[in-house]
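Please read the structure below before turning to the comments.
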2 protein chains.
Amino acid sequence: MNERDKGTEEKIVQAARAVFLRKGYNGARMQEIADEAGTNKALLHYYFRSKDRLFEVIFLQSFSQFFPKVSTILTGNEPLPVKVVSFVEHYIDLLRENPYLPQFILSEVSRDPESVPRLFQAAGLNPEWFMGQLANIGQGVFPPGSDVRHFILNMLSMCIFPFAARPLLTRVMFSGDDAAYENFLDQRKREVSSACLQLLSPTAGQR
Amino acid sequence: MNERDKGTEEKIVQAARAVFLRKGYNGARMQEIADEAGTNKALLHYYFRSKDRLFEVIFLQSFSQFFPKVSTILTGNEPLPVKVVSFVEHYIDLLRENPYLPQFILSEVSRDPESVPRLFQAAGLNPEWFMGQLANIGQGVFPPGSDVRHFILNMLSMCIFPFAARPLLTRVMFSGDDAAYENFLDQRKREVSSACLQLLSPTAGQR
DNA sequence: GTCTATATCGGGATAGAC
DNA sequence: GTCTATCCCGATATAGAC
């Protein structure tokens with residue numbers, strides 16, 4: 001794999017990413033990837049041995065993209081609300097630039113759940129450490145009996161679901177007007193931030 | 001299609017539902033459905049002409065299941081918070097009984113977004129009317145400038161996402177301990193209800 | 001209605017020329 | 001490294017006996 005390969009190999013990777021993200025592993029065709037890359041099927045097999053291996057490259061890339069480098073956010077000194085708002089805004093920006101990412105990750109993980117530990121390993125991420133950090137941060141903010149995970153999950157749900165369900169929501173909530181939904185998503189950085197802050201603020205005996 | 005058919009035809013439908021829901025259209029195999037139904041491929045084609053038509057039956061069923069008959073909730077006389085809690089509890093119950101439903105609907109709609117209007121039609125549902133009702137209910141509860149849809153979407157996100165992302169979340173948040181995640185989901189009826197109520201209660205100038 | 005055997009085709013993978 | 005032609009298997013769909 002010398003330098004001169006990089007041109008076509010990179011073209012193939014980009015094409016594969018575009019097709020796999022839209023169609024998923026089962027829906028994607030090697031022929032379509034070749035077309036999109038402006039070459040032929042044989043070259044795909046020359047650079048990557050099989051459809052499986054090519055997919056693995058894309059899946060791993062996407063996976064580590066989907067789990068952002070939150071280390072900096074977690075280990076920062078800012079108070080929790082600031083961290084939350086910062087996370088929400090950055091993450092929704094990321095998803096707006098990669099609209100197919102959520103549905104892709106969800107589908108493919110559900111197709112092959114066993115791959116998750118390996119992917120974390122390969123991406124250099126450690127879920128246990130991650131959850132541990134969250135538990136620490138939650139100290140004193142959440143009532144002792146409560147589970148920080150519910151708050152985290154609420155936050156992630158509100159960020160990710162609108163993108164994963166986009167084709168459906170566009171038609172249900174905006175009669176198929178895609179531009180209107182795009183505009184709606186634009187407001188969500190502020191909406192979700194606001195909602196998360198509200199969930200953080202202690203209220204009288206809600207649970 | 002007389003009465004005596006019903007035995008095997010129904011078996012096939014059940015088998016098809018099980019396989020399609022788990023594997024999706026592209027991942028499902030007619031052979032696997034036949035096996036699960038305890039018959040052979042030829043019979044599938046005898047009752048339903050093609051894989052497409054068989055899938056269509058399952059998709060339509062699942063779609064109308066996913067969009068619950070909320071008419072009764074919407075048109076009831078109870079105050080909004082009561083309606084919200086009632087919806088959340090019933091809906092999460094539904095998803096716990098049909099864990100594959102969210103991922104299935106999301107995947108298949110994303111595979112063929114154009115099918116959505118036809119599905120609504122066939123299921124006897126009307127999105128426009130639905131959104132209109134929501135707007136009415138929102139009168140006076142939400143500030144004039146705000147969009148009720150954000151609240152609705154937040155609620156749906158917190159209900160649905162934990163199921164759509166289950167294979168991922170089980171491994172990230174609970175190290176793959178499936179029973180622990182099941183237990184966690186059990187708490188969410190109360191958690192999500194509580195969160196929605198908190199989002200409804202007016203707080204000083206959050207937006 | 002139910003089954004076995006088979007036709008037909010699409011798509012992943014390889015051979016081999018250049 | 002790049003291309004064309006081809007192999008081969010798996011999956012949908014059908015024919016036809018019972």
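The chains referred to below are lettered A, B, ... by the order of the sequence lines, with proteins before strands, and numbering in each begins at 1.
The CZ atom of B:Arg53 sits 11 Å away from the P atom of D:dA13 (whole-angstrom rounding). Taking atom CG on B:Asn40 and atom P on D:dA13, their separation rounds to 15 Å, with Å as the unit. Atom C1' of nucleotide D:dA13 and atom CG of B:Leu54 are separated by 14 Å, given to the nearest angstrom. In this structure, CD1 of A:Ile12 is placed 13 Å from C1' of D:dC3, rounded to the nearest angstrom. Separating the CD atom of A:Glu32 from the C1' atom of C:dG10 is a distance of 14 Å, rounded to the nearest angstrom. Rounded to an integer number of Å, the gap from A:Leu43 CG to C:dT14 C1' is 14 Å. Straight-line distance from the CD atom of A:Glu56 to the P atom of C:dG12: 17 Å, rounded to whole Å.
Dashed line: the shortest gap from a side-chain N or O of A:Tyr46 to OP1 or OP2 of C:dT14 is not under 4.0 Å. Phosphate contact (OP1/OP2 of D:dT2, side-chain N/O of A:Thr39, threshold under 4.0 Å): absent.
For the 3.5 Å distance criterion, the side chains of A:Gln103 and A:Ser107 qualify, holding a donor opposite an acceptor. A donor atom on one side chain and an acceptor atom on the other are not found under 3.5 Å apart for A:Ser86 and A:Glu78.
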Discussion item. Please determine whether ring pair (Phe, Tyr, Trp, His ring centres under 6.0 Å) holds for the pair B:Phe142 and B:Phe151, giving the CA-CA distance in whole Å, both sets of side-chain angles, and the decisive distance to 0.1 Å.
Written reply: CA-CA 9 Å; B:Phe142 297 92; B:Phe151 171 74; 5.5 Å; yes
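Other residues, nucleotides and ligands place more than 12 heavy atoms under 6.0 Å from the CZ atom of B:Arg118.
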Worksheet item: What is the per-nucleotide protein-contact pattern of nucleotides 7-12 of chain D, from the 5' end, where B denotes a base atom under 4.0 Å from a protein heavy atom, S denotes such proximity for sugar-phosphate atoms only, and - denotes neither?
Response: ----SB
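Aromatic ring centres of B:Phe184 and B:Phe174 lie closer together than 6.0 Å.
Rounding to the nearest 0.5 Å places CD of A:Glu191 at 4.0 Å from NE2 of B:His150.
Relative ring orientation between B:Phe63 and B:Phe59 is described as perpendicular, the plane-to-plane angle rising above 60° on a 0-90° scale split at 30° and 60°. The aromatic rings of A:Tyr91 and A:Phe66 sit tilted relative to each other, their planes meeting at an angle between 30° and 60°.
In this structure a side-chain-to-backbone donor-acceptor pair under 3.5 Å is missing from A:Glu9 to A:Tyr47. Of the possible donor and acceptor atoms, one in the side chain of A:Asn98 sits under 3.5 Å from a partner among the backbone N and O of A:Leu94.
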Between protein and nucleotides 16-18 of chain D, what N or O pairs are separated by less than 3.5 Å?
none

Protein-nucleotides 7-9 of chain C N/O pairs closer than 3.5 Å?
none

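Cation-pi geometry between B:Arg171 and A:Phe67 is not met at under 6.0 angstrom from the ring centre and within 45 degrees of the axis.
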